[in-house]
Structure formats: structure tokens, C-alpha cells
Amino acid sequence: QGQLVESGGGSVQSGGSLRLSCAASGYTFSRFSMGWFRQAPGKEREGIATIDSDGSTTYADSVKGRFTISQDNTKNTLYLQMNSLKPEDTAMYYCAADRRWYLFRTSQNRPPTDFAYWGQGTQVTVSS
């Protein structure tokens, strides 16, 4: 059974940086598309970055130019480097994996159960 475990969240001041990690196990990591999502209290879940099995990436406008998604297939780990953090980036961050890349292109309003694997989340808090 596959599993995703996020880490690296924490509290940081505005303008700071964090790197989130998502450790995968139990499935062939390199064959799956993966993505990062976030959800702030009272707000809808937002898909913010994706990386396909061929290495191509996409970003939401809200994070483009500040966040970078990457993966290390030798470590079965997905990363999200977050720079120039803003208070509005405060949210719970989740990673997800699925072989169907198109799920990530149409992720709005998709429940976590639509994806093959979904992590437990890591909290990011950015103070002004």
C-alpha cells in the first residue's frame, strides 16, 4: 500500500523560505505525476504545483516565480521550495500522487480520494 508523508512545514516571517518534502513509499515513484496542494482555514483547497513523470511542471499564478517543485527519484521524494513567503501562503500543505496526470490539471474541487495517494499534510505559517 502506497503512502505519502510530508515534512518541513513550520513558522517563518514574511519574505522567508521553507522547503517541504514528501516521502513516498509503496509504489513506483517515477511513474506517477505528483502535486502540491494547500488549504487555508475557511478557503477552498488550491492546487499550487505539479510535476509529471516526464519532469514537466506547472504552477498556480499565486506561487509562480516564488515556489519550485522538484523530485528526487533516487530518494522517492517530492520537494517544494518556497521562497519570498507571504502571510497569504499560510495553509496546510498536502502532496498527492496519481498516474493520471490530468487529475492535477482539473484538481479544483476534486476530493483527496480521487487521487491514488494523498498525504497527511504539513502546516506552514507565515507571519508579517
Side-chain angles (χ1 to χ4, degrees):
Q1 182 69 19
Q3 185 179 13
L4 300 175
V5 178
E6 300 97 333
S7 61
S11 297
V12 65
Q13 289 191 331
S14 181
S17 298
L18 283 174
R19 188 177 79 156
L20 305 184
S21 299
C22 171
S25 62
Y27 69 95
T28 306
F29 180 79
S30 61
R31 295 182 182 177
F32 279 60
S33 293
M34 298 195 72
W36 287 98
F37 296 79
R38 67 184 181 186
Q39 188 164 22
K43 295 188 177 181
E44 291 187 352
R45 186 182 310 112
E46 178 186 20
I48 57 173
T50 67
I51 184 165
D52 292 335
S53 57
D54 65 357
S56 57
T57 59
T58 63
Y59 296 92
D61 289 343
S62 58
V63 306
K64 197 172 295 183
R66 299 187 299 123
F67 292 10
T68 302
I69 189 172
S70 63
Q71 63 186 41
D72 186 335
N73 290 339
T74 65
K75 296 181 178 180
N76 287 355
T77 301
L78 176 74
Y79 301 101
L80 185 69
Q81 178 66 44
M82 305 186 295
N83 299 327
S84 302
L85 283 162
K86 306 174 182 179
E88 51 264 44
D89 294 318
T90 295
M92 184 71 80
Y93 284 70
Y94 302 89
C95 61
D98 202 286
R99 295 195 69 169
R100 297 166 293 178
W101 60 268
Y102 54 85
L103 291 188
F104 296 91
R105 303 295 188 274
T106 59
S107 63
Q108 189 172 3
N109 297 325
R110 284 191 180 279
T113 50
D114 276 5
F115 296 86
Y117 305 111
W118 188 273
Q120 86 290 349
T122 186
Q123 177 68 38
V124 171
T125 302
V126 184
S127 59
S128 57

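Worth saying up front: this structure is predicted, and the values here are computed from it rather than measured.
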Chemist: Got a sec, which pairs hit disulfide bond (SG atoms under 2.5 Å apart) with one end in residues 90-122, sequence neighbours left out?
Modeler: Cys22-Cys95
Chemist: Side chain to side chain donor-acceptor pair (under 3.5 Å) with Glu88: which residues, sequence neighbours excluded?
Modeler: none
Chemist: Under a single-linkage definition using a 4.5 Å side-chain heavy-atom cutoff for Ile, Leu, Val, Met, Phe, Trp and Tyr, are Trp101 and Tyr59 assigned to the same hydrophobic cluster?
Modeler: no
Chemist: What I'd like to find out is whether the side chain of Leu80 reaches to under 4.5 Å of the side chain of Thr68, using heavy atoms alone.
Modeler: no
Chemist: Would you say that Leu18 contacts Val124 through its side chain, given a criterion of any heavy-atom pair below 4.5 Å between the two side chains?
Modeler: yes
Chemist: Any side-chain heavy atom of Ser33 sitting closer than 4.5 Å to one from Arg100?
Modeler: no
Chemist: Could you tell me whether the side chain of Gln71 and the main chain of Thr77 form a donor-acceptor pair under 3.5 Å?
Modeler: no
Chemist: When rounded to the nearest 0.5 angstrom, what is the spacing between OG1 in Thr74 and CZ in Phe29?
Modeler: 9.5 Å
Chemist: According to side chain to side chain donor-acceptor pair (under 3.5 Å), who are the partners of Arg105, at least two apart in sequence or on a separate chain?
Modeler: Thr50, Asp52
Chemist: What is the minimum heavy-atom distance between Phe32 and Ala116, and which atoms define it?
Modeler: CE2-CB, 4.2 Å
Chemist: Once ring-ring contact (aromatic ring centres under 6.0 Å, His included) is applied, what residue pairs with a partner in residues 72-92 remain, sequence neighbours excluded?
Modeler: none
Chemist: Does anything in residues 30-84 form a disulfide bond (SG atoms under 2.5 Å apart)? List the pairs, not counting sequence neighbours.
Modeler: none
Chemist: Could I get the full list of salt bridge (Lys or Arg N to Asp or Glu O under 4.0 Å) partners for Asp89, not counting sequence neighbours?
Modeler: Arg38, Arg66
Chemist: Side-chain contact, heavy-atom cut-off 4.5 Å: Glu44 with Gln39?
Modeler: no
Chemist: Going by side chain to side chain donor-acceptor pair (under 3.5 Å), name the pairs with one or both residues in residues 8-32, residues two or more places apart or in two chains.
Modeler: Ser17-Asn83
Chemist: Return the OG to CZ distance between Ser84 and Phe67, rounded to the nearest 0.5 Å.
Modeler: 9.0 Å
Chemist: For Asn76, what residues pass the side chain to side chain donor-acceptor pair (under 3.5 Å) criterion, not counting sequence neighbours?
Modeler: none
Chemist: Is Leu103 linked to Leu4 within one hydrophobic cluster, defined over Ile, Leu, Val, Met, Phe, Trp and Tyr using a side-chain heavy-atom separation of less than 4.5 Å?
Modeler: no
Chemist: Between Thr90 (side chain) and Val126 (backbone), is there a donor-acceptor pair under 3.5 Å?
Modeler: yes
Chemist: Please find the pair of heavy atoms, one from Ala91 and one from Ala40, that lie closest to each other, and give the distance.
Modeler: CB-N, 3.8 Å
Chemist: Does the side chain of Leu78 come within less than 4.5 Å of Trp36's, by heavy atoms?
Modeler: yes
Chemist: What salt bridge (Lys or Arg N to Asp or Glu O under 4.0 Å) pairs are there with at least one residue in residues 72-87, not counting sequence neighbours?
Modeler: none
Chemist: Applying side chain to side chain contact (heavy atoms under 4.5 Å, CB included), name anything that partners Trp118, two or more places apart in sequence or on another chain.
Modeler: Phe37, Arg45, Tyr94, Ala96, Pro112, Phe115
Chemist: Does Lys64 have any side chain to side chain donor-acceptor pair (under 3.5 Å) partners at least two apart in sequence or in another chain, and if so, which?
Modeler: Asp61
Chemist: With sequence neighbours left out, which residue pairs that include part of residues 114-128 fulfil the salt bridge (Lys or Arg N to Asp or Glu O under 4.0 Å) condition?
Modeler: Arg110-Asp114
Chemist: Going by heavy atoms in the side chains, are Tyr93 and Gln123 under 4.5 Å from each other?
Modeler: no
Chemist: To the nearest 0.5 Å, tell me how far Met92 CE sits from Glu6 CD.
Modeler: 9.0 Å
